[in-house]
Protein chains: 2
Amino acid sequence: MRDGKTGEQIVDHADDLFYRQGFEATSFADIAAAVGISRGNFYYHFKTKDEILAAVIEARIADTQAMIAAWETETEDPEARIRCYIHILLDHQSDIMAHGCPVGTLTSELAKLNHQAQGAANGLFTQLRDWLRLQFEALGSGVEADRNAMRVLAWSQGVATMANAYRDAEFVQHEVEQISAWLAACARDSRARSNRSKPLIPET
Amino acid sequence: MRDGKTGEQIVDHADDLFYRQGFEATSFADIAAAVGISRGNFYYHFKTKDEILAAVIEARIADTQAMIAAWETETEDPEARIRCYIHILLDHQSDIMAHGCPVGTLTSELAKLNHQAQGAANGLFTQLRDWLRLQFEALGSGVEADRNAMRVLAWSQGVATMANAYRDAEFVQHEVEQISAWLAACARDSRARSNRSKPLIPET
DNA sequence: GTCTATACTCCGATAGAC
DNA sequence: GTCTATCGGAGTATAGAC
């Protein structure tokens, strides 16, 4: 598996290359060249290419967890937290226009390869889905919370796909505004529903 | 290039395999086995793999054109026509859950491979984008027509990506209803705008 | 038009010296 | 822990018989 500096460098560069070139199109030679080691040395750290993929997915899950933790530190307002997620589209705009969403393109590729790591890669979506659902619940979306979480994921995925195809920064900017507006409307509706129900369910 | 029955069969099977397995993961041996010819025979019809890809994209563009023509025959109502596009998500639901959107996954893969056929593959998006824009213009979306067309493309792409990851038919069903509802609201807004402007711009 | 045979390259993976 | 050397297999592509 991993051990220390070289192992971490392999995962870091593999992560980057899998994102930019795709998993299958990236060879051991590519990664070895990027890290600056020989192909033989490689197998001291990882026995198979699939093991590297597993390590990359694990690393991405840890990175995502750290990103989520940072958002939670930044604000306690669920609407603002969801906006943090949406703003990835702007923060990583040039990468997304060049290579798409790292999660969406990986899960798509693994689905076509019918790869065993599909479940692990889907975990990256589930991680975000669960966290977004919690935020929508805090926002008062109730039973719609998971559906709203999926909506945000799907919308951002769609924007990433089209941004990748057309490399259109203005389109990304506009869609981010639209998602934010939809989110604000969601929050408004939730507040309205909660105000209507209060007289019927008096607090104890 | 192509010539008659065998050539067409190669394109048909390559189209199918590129969709189900991806372009790079599909070898000549795969296509030859599917068609039932030897690998050698192959090169009589196509000189390179890229030539097959070009023929596949060309065939898909023709197929899309035929699909659009069928929608136009079906109804003259722009809202109903756009709904025809949206309903691809239901008509091809099982394929999309298994392999994603044929257009989105191809353009994503070619972007990662930095393949020369990227532009041709994007033509598949542009074909739909232009037609959707025309429908939104007929619906009265005005300067928003292209943005609405992109919205529909992005939304459906996002639904396809998430449906592929989670294989969730209920999610697809629900999102199709949501897109249809948004479309109906679009049409309503356009009519309202046009009614408001009529007193100000009397017809001659 | 279709076949077999084969050249050549690259890949993932292994063995073993240092 | 890192290296060189190499194996076996698959890939694209070609040559030439039928």
Side-chain angles (χ1 to χ4, degrees), chain A residues 1-59 106 109-110 112-118 120-121, chain B residues 1-57 106 109-110 112-118 120-121:
Chain A
M1 309 291 162
R2 266 200 283 171
D3 64 320
K5 213 176 148 201
T6 305
E8 278 173 33
Q9 275 189 302
I10 290 173
V11 174
D12 283 353
H13 284 99
D15 188 349
D16 183 52
L17 287 166
F18 288 173
Y19 175 42
R20 284 168 28 213
Q21 307 185 341
F23 168 69
E24 218 200 5
T26 300
S27 68
F28 279 18
D30 291 334
I31 306 171
V35 178
I37 58 170
S38 72
R39 273 184 300 166
N41 185 2
F42 224 108
Y43 291 85
Y44 173 78
H45 302 277
F46 297 93
K47 296 205 192 311
T48 68
K49 199 180 175 185
D50 290 349
E51 246 181 50
I52 301 175
L53 176 60
V56 165
I57 292 173
E58 204 183 321
L106 181 65
E109 184 180 359
L110 296 183
K112 295 231 191 246
L113 298 176
N114 207 9
H115 197 284
Q116 54 169 22
Q118 269 177 90
Chain B
M1 307 288 165
R2 266 198 282 171
D3 64 321
K5 213 179 149 200
T6 304
E8 277 173 33
Q9 275 189 301
I10 290 173
V11 173
D12 283 351
H13 284 99
D15 189 349
D16 183 51
L17 287 165
F18 288 173
Y19 175 42
R20 283 171 27 218
Q21 307 185 341
F23 168 68
E24 218 200 5
T26 300
S27 68
F28 279 19
D30 291 334
I31 305 171
V35 179
I37 57 169
S38 71
R39 276 182 299 166
N41 185 1
F42 223 95
Y43 292 85
Y44 172 79
H45 302 277
F46 297 93
K47 296 205 192 310
T48 67
K49 201 180 173 184
D50 289 349
E51 246 181 49
I52 301 174
L53 177 60
V56 166
I57 292 173
L106 181 64
E109 184 180 359
L110 296 184
K112 295 231 192 247
L113 298 176
N114 207 9
H115 196 284
Q116 54 171 20
Q118 270 178 89

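A note on names: the letters A, B, ... follow the listed sequences, proteins ahead of strands, and every chain is numbered from 1.
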Nearest-Å distance for atom pair [atom1]/[atom2], residues [X] and [N]:
X	N	atom1	atom2	result
A/Arg39	C/dT9	CZ	C1'	12 Å
B/Phe42	C/dA5	CZ	P	20 Å
A/Tyr44	C/dG16	OH	C1'	16 Å
A/Asp50	C/dA13	CG	P	7 Å
A/Glu51	C/dA13	CD	C1'	12 Å
B/Phe28	C/dA7	CZ	C1'	16 Å
B/Ile10	C/dT2	CD1	C1'	11 Å
B/Glu8	C/dG1	CD	C1'	16 Å

Starting at the 5' end of DNA chain C, which residue's closest nucleotide do you reach first, B/Asn41 or A/Lys49?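 Checking each residue's closest nucleotide, the 5'-ward one belongs to B/Asn41.
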Listed nucleotide nearest any side-chain atom of A/His45, set C/dC3, D/dC3, D/dT2: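 Shortest atom-to-atom distance from the side chain points to D/dT2.
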Indicate, with a heavy-atom threshold strictly under 4.0 Å, whether B/Ser27 touches base, sugar-phosphate, or nothing. sugar-phosphate
Got a second to check how far A/Ile52's CD1 is from A/Ile31's CD1, nearest 0.5 Å? 4.5 Å
Worked check of side chain to side chain donor-acceptor pair (under 3.5 Å) between A/His13 and A/Asp30: CA-CA 9 Å; A/His13 284 99; A/Asp30 291 334; over 6 Å; no
Lys/Arg cation over aromatic A/Phe23: A/Lys49, 6.0 Å, 45° cone: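 The answer is yes, since A/Lys49 meets both limits relative to A/Phe23.
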Counting only N and O atoms by type, is there a donor-acceptor contact under 3.5 Å from the side chain of A/Gln21 to the main-chain atoms of A/Leu17?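 Flag not set: sc A/Gln21 to bb A/Leu17 has no pair under 3.5 Å.
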Would you say a side-chain N or O of B/Thr6 is under 4.0 Å from OP1 or OP2 of C/dT2? yes
According to a strict under-4.0 Å criterion, is A/Tyr43 in side-chain N/O contact with OP1 or OP2 of C/dT14?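 No.
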